[in-house]
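Here's the structure we're looking at; comments come further down.
All values below come from the heavy atoms of this structure, side chains included, with hydrogens, waters and symmetry mates left out. A, B, ... follow the sequence lines: proteins, then strands. Residue 1 opens every chain.
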Number of protein chains: 2
Amino acid sequence: MSQATAIAAALRELERMFGERVATGEAVCRQHAHTLTWLPAQPPDGVVWPETTDEVAAIVTVAGQHGVPLIPFGAGTSLEGHVNAPLGGISVDLSRMARVVCVSPADLDCTVEAGVTRAMLNAHLRDTGLFFPVDPGAADATLGGMAATRASGTTTVRYGTMRDNVISLKAVMADGSVMTTGGRARKSSAGYDLTRLLVGSEGTLGIITELTLKLHALPARVIATAAPFSSIAGACEATIEAGASGIALQRIELLDTAMIRAVNAHAKLELQDTPHLFVEIAGGAASVEETLAAFQEIALSNGALRFDWAEERHAKRRLWQARHDAYPAVGTTWPGKTTVVSDVAVPLSALAQCVTETVADIEASRLTAPIVGHVGDGNFHVIPVFDCADANEVAAVRAFLDRLVRRALSLGGTCTGEHGIGQGKAGYLVEELGEPAMAAMRAIKGALDPRGLLNPGKILTARRR
Amino acid sequence: MSQATAIAAALRELERMFGERVATGEAVCRQHAHTLTWLPAQPPDGVVWPETTDEVAAIVTVAGQHGVPLIPFGAGTSLEGHVNAPLGGISVDLSRMARVVCVSPADLDCTVEAGVTRAMLNAHLRDTGLFFPVDPGAADATLGGMAATRASGTTTVRYGTMRDNVISLKAVMADGSVMTTGGRARKSSAGYDLTRLLVGSEGTLGIITELTLKLHALPARVIATAAPFSSIAGACEATIEAGASGIALQRIELLDTAMIRAVNAHAKLELQDTPHLFVEIAGGAASVEETLAAFQEIALSNGALRFDWAEERHAKRRLWQARHDAYPAVGTTWPGKTTVVSDVAVPLSALAQCVTETVADIEASRLTAPIVGHVGDGNFHVIPVFDCADANEVAAVRAFLDRLVRRALSLGGTCTGEHGIGQGKAGYLVEELGEPAMAAMRAIKGALDPRGLLNPGKILTARRR
């Protein structure tokens with residue numbers, strides 16, 4: 001039986017089971033392969049919307065019977081082609097699994113279905129004094145998708161990534177079984193860390209359907225600043241020094257001059273035309289003052305020109321909204337152009353070198369490529385802006401992004417700080433980790449999904465059957 | 001070829017390669033199977049002391065050629081029979097791999113060989129202003145062993161477990177290849193989280209030979225207290241409330257009345273004859289005051305009788321030494337008796353219920369079993385003291401420990417907060433996680449160690465060949 005026949009048969013069976021919750025129209029399939037990048041879209045052959053874990057298990061069973069690939073889909077905001085269907089197959093859209101199952105304020109935890117988004121959860125938590133901290137910025141991703149891609153963001157310097165904030169999870173495995181990776185205890189040394197194995201597995205080992213997440217108490221006091229620096233190297237050095245000193249910043253974000261210009265135009269701000277650190281400090285009333293003083297001293301000794309502190313709610317929100325709107329700001333500043341968002345991370349001590357060499361590379365390559373980053377983690381994004389119809393420009397951007405990854409790797413860093421491997425970074429994984437790690441990943445994939453039906457072609461190359 | 005012949009042949013080959021760094025004497029073999037528990041010792045047939053990762057790889061290759069089990073050995077301080085050799089085989093003692101490879105203060109990280117102990121590392125860091133926080137208490141375990149068992153301890157409430165503090169690692173896999181799981185970037189979303197898969201794998205998936213670890217800046221100010229409570233329930237409720245409030249305690253440890261008596265006798269202290277919380281608060285000068293005030297208010301409203309604050313170095317050390325000496329204190333208080341240390345962890349909100357029901361169970365069972373615990377994590381240890389020659393007493397202790405685990409599981413907790421599964425808790429794993437998780441673990445073990453030669457019989461039941 002051909003793959004097309006098998007997929008058609010599986011879709012017919014799913015239509016019998018799920019009725020109007022199965023779709024095969026071109027528009028809806030195309031929408032489920034929207035990559036947000038220059039990776040070509042590879043739409044699935046159909047989409048199904050399960051509403052319970054048992055329904056996901058039933059879908060996996062049907063797909064297994066017909067040998068059909070499944071591509072888990074959250075909000076479709078990933079950046080490395082995670083939702084593409086290179087071998088065809090069926091997109092499993094989890095957006096209808098959007099219930100907050102329970103919140104336990106005494107345990108600072110909650111259990112949610114995979115389709116709950118970060119914003120939905122924080123809206124649900126309003127008035128509890130608690131919040132979920134992982135904040136990838138612009139995208140209102142689903143928590144299942146964030147776990148699957150090991151997402152992080154602006155508050156990671158304080159609260160960690162999804163790796164650190166998922167206590168346990170439920171996932172449907174390739175054989176249709178429903179696996180629970182643990183209970184609600186904050187720590188456990190009971191067996192292999194299946195939670196962390198699923199977090200970052202990009203839907204290739206199981207379909208995450210439910211998550212128990214850490215919550216955090218809202219800090220008593222939060223202040224924010226935008227600090228202009230005389231040089232981008234100085235802003236990086238201040239970040240390195242703050243990191244090494246151990247002072248607890250809530251966020252510390254770098255925006256280079258090109259990004260400041262875009263943000264000023266988009267958000268109607270009047271920030272000085274120079275690199276900035278956007279910093280947030282949170283804690284008790286007194287500890288905030290202590291941290292602020294320590295940070296100011298470090299920043300001034302590294303070329304900070306001044307500090308515009310915002311404590312009032314509206315001013316803080318305006319500042320961080322401008323930061324979170326960095327990507328749309330790039331789009332509106334250079335209309336009609338294509339943008340690609342790439343990211344790398346390096347050990348913090350290598351941040352200044354990696355950023356300044358990257359800025360020099362951008363200038364030497366005559367590219368437009370604003371930089372914005374979660375520099376407290378040694379992680380930054382570069383957003384080349386180019387004409388995708390101009391083959392020379394496209395080639396120059398590709399070569400630049402390749403040099404960016406190699407620069408990060410040569411400094412002991414990673415080819416992707418928080419966007420995942422997907423399709424876009426799959427070529428760099430062996431370079432970063434070496435063949436024994438690749439062999440281990442392939443062995444694990446083969447053991448847990450022997451027929452390669454779960455999100456094939458992501459992280460590891462798909463085996464064509 | 002029989003197993004005994006195979007082992008003898010492997011040992012001969014290792015002797016040719018390692019000379020006097022191979023031993024087969026009964027005393028040395030028995031010492032490498034010292035379980036620190038009531039689990040019967042199952043000594044290996046020989047011990048080898050590699051000095052480099054390449055030597056470990058050579059040992060794994062020889063063992064593979066002869067089909068001989070290998071049992072990685074750090075300091076032998078694990079508590080669930082991890083170093084036993086139920087199928088025979090060779091103990092790989094990593095204590096000569098004890099070099100601190102490098103320390104990077106700017107990155108707050110270091111790279112060490114697996115045989116470096118926690119105390120050795122912190123001695124090495126003296127005068128840098130940095131420290132490695134994971135502190136299992138009494139045992140000066142090796143960092144490789146701590147990673148392999150996902151160890152934690154008194155400071156986990158603030159700094160996390162080994163899971164959170166290993167950035168990446170190097171391990172020799174069953175095929176003799178040397179796997180590196182990552183670079184030195186603080187975060188990465190590059191592929192499956194092989195670091196976390198090895199952390200807690202108890203030597204069953206690979207032999208950890210090198211670790212890159214997070215370090216932390218020593219806090220500017222540290223204060224400690226021993227606060228007596230009118231009831232153990234009150235001490236637990238204070239812990240729950242402090243946890244839910246999000247105040248940042250450095251350590252919060254519960255000692256019940258029986259443990260206070262043992263500690264008083266052993267350390268010549270005069271603590272009041274009632275349950276205590278030992279608490280440490282650390283941070284900037286002002287933030288410590290803020291946290292202290294918040295904790296005091298919570299503790300007083302839950303029956304704290306007073307606070308004996310210790311800020312002076314000697315007083316603090318005396319207090320925490322008494323806490324860390326809890327296990328020897330039990331030994332000296334009841335000389336000639338056998339002690340078994342077991343641990344469970346529950347969601348914090350269930351701590352008071354779990355502890356008070358356990359205390360009631362101890363009384364109803366007429367057992368002596370002091371309690372001491374890292375209660376900020378919902379984790380506590382119970383240390384039954386009994387006459388191992390008295391079959392009735394042994395049976396009563398076994399039944400009590402079984403009820404302890406079931407109580408923790410029924411409250412959403414785990415059968416082991418920090419001691420690992422090893423042999424001792426292997427029977428509870430399926431009850432805690434369910435069959436799909438067990439199937440995933442067996443599949444991963446089968447994929448990475450198809451012949452079952454790495455530490456067989458730990459976590460999963462050994463397949464006899």
Side-chain angles (χ1 to χ4, degrees), chain A residues 104-108 149-150 152 161 173 177-181 183-194 196-197 200-201 216-217 240 244-246 284 286-287 290 345-349 377-379 412-418 420-421 429 432 434 436-437 440-441 443-444 447-448 459, chain B residues 104-108 149-150 152 161 173 177-181 183-194 196-197 200-201 217 240 244-246 284 286-287 290 345-349 377-379 412-418 420-421 429 432 434 436-437 440-441 443-444 446-448 459:
Chain A
S104 174
D107 293 307
L108 296 179
T149 54
R150 205 184 298 131
S152 47
T161 75
M173 306 303 283
S177 64
V178 177
M179 178 174 87
T180 302
T181 60
R184 285 176 53 239
R186 272 298 165 119
K187 73 181 200 194
S188 169
S189 53
Y192 302 156
D193 192 343
L194 298 174
R196 252 49 60 181
L197 184 64
S201 65
H216 297 265
I240 296 169
S245 74
S287 67
E290 215 161 50
V346 293
L348 196 51
S349 65
D377 313 313
N379 177 212
T414 176
C415 68
T416 177
E418 57 179 27
I421 293 293
L429 201 51
E432 177 167 339
M441 290 191 205
I444 292 164
L448 297 183
I459 303 181
Chain B
S104 173
D107 294 307
L108 296 179
T149 55
R150 205 183 298 132
S152 48
T161 74
M173 306 303 283
S177 65
V178 178
M179 179 174 85
T180 303
T181 61
R184 284 176 54 240
R186 271 299 165 118
K187 73 180 199 193
S188 169
S189 55
Y192 302 156
D193 192 342
L194 298 173
R196 251 51 58 182
L197 184 64
S201 65
I240 295 170
S245 74
S287 67
E290 217 161 47
V346 292
L348 196 51
S349 65
D377 313 313
N379 177 210
T414 176
C415 70
T416 176
E418 58 179 27
I421 294 293
L429 201 50
E432 176 167 340
M441 290 190 202
I444 292 165
L448 297 183
I459 303 182

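- Heavy atoms closer than 4.5 Å to chain B are found in both the backbone and the side chain of Ile421(A).
- Using a 4.5 Å cut-off between heavy atoms, Thr149(B) contacts chain A through its backbone alone, with no side-chain atom that close.
- Ranked by heavy-atom pairs under 4.5 Å with chain B, the list Gly413(A), Gly420(A), Gly200(A) is led by Gly420(A).
- Counting only N and O atoms by type, the side chains of Ser287(A) and Ser287(B) include no donor and acceptor under 3.5 Å apart.
- For the options Met179(A), Met173(A), Arg186(A), heavy-atom pairs under 4.5 Å to chain B are most numerous at Met179(A).
- Proximity of a side-chain donor or acceptor of Arg184(B) to a complementary backbone N or O of Val346(A) within less than 3.5 Å is not detected.
- Counting only heavy atoms from C-beta outward, the side chains of Asp193(A) and Asp193(B) never approach each other to under 4.5 Å.
- Of the two parts of Glu290(A), only the side chain, counted from C-beta on, holds a non-hydrogen atom closer than 4.5 Å to a non-hydrogen atom of chain B.
- Per-residue heavy-atom pair counts under 4.5 Å with chain A were compared for Cys415(B), Ala443(B), Pro347(B), Ser201(B), and the maximum is reached by Pro347(B).
- If you tally non-hydrogen atom pairs under 4.5 Å between each of Gly378(A), Gly284(A), Gly183(A) and chain B, the highest count goes to Gly284(A).
- For a residue to count as touching a neighbouring chain, one of its non-hydrogen atoms must lie under 4.5 Å from one of that chain's; by this rule Ala185(A) touches chain B with backbone and side chain alike.
- Listed here is the closest heavy atom pair of Pro436(B) and Ser177(A): CB-OG, 3.9 Å.
- Within the 4.5 Å cutoff, the side chain of Met441(B) has heavy atoms near those of the Leu194(A) side chain.
- The contact between Asn379(B) and chain A is made entirely by side chain atoms (from C-beta outward), counting heavy-atom distances below 4.5 Å.
- Counting heavy-atom pairs under 4.5 Å between each of Gly246(A), Pro105(A), Ala345(A), Ser349(A) and chain B puts Ser349(A) at the top.
- For the atom pair Asp107(B) CG and Ile240(A) CD1, the distance stands at 8.0 Å (nearest 0.5 Å).
- Heavy atoms only, all atoms of each residue included: Leu108(B) and Ala244(A) are closest at CD2-O, 3.6 Å.
- Residue Thr181(B) holds its OG1 atom at 10.5 Å from CD of Glu432(A), rounded to the nearest 0.5 Å.
- Both the backbone and the side chain of Ala106(B) come within contact range of chain A, each with at least one heavy atom under 4.5 Å from a heavy atom of that chain.
- In terms of heavy-atom pairs under 4.5 angstrom with chain B, the leader among Ser188(A), Ala286(A), Gly412(A) is Ser188(A).
- Using a 3.5 Å distance cut-off with no hydrogens or angles, the side chains of Lys187(A) and Thr161(B) do not pair a donor with an acceptor.
- Contact check for Leu197(B) versus Ile444(A): side-chain heavy atoms found under the 4.5 Å cut-off.
- Using a distance-only test at 3.5 Å, with no hydrogens or angles considered, no donor-acceptor pair links the side chain of Arg196(B) to the main chain of Tyr192(A).
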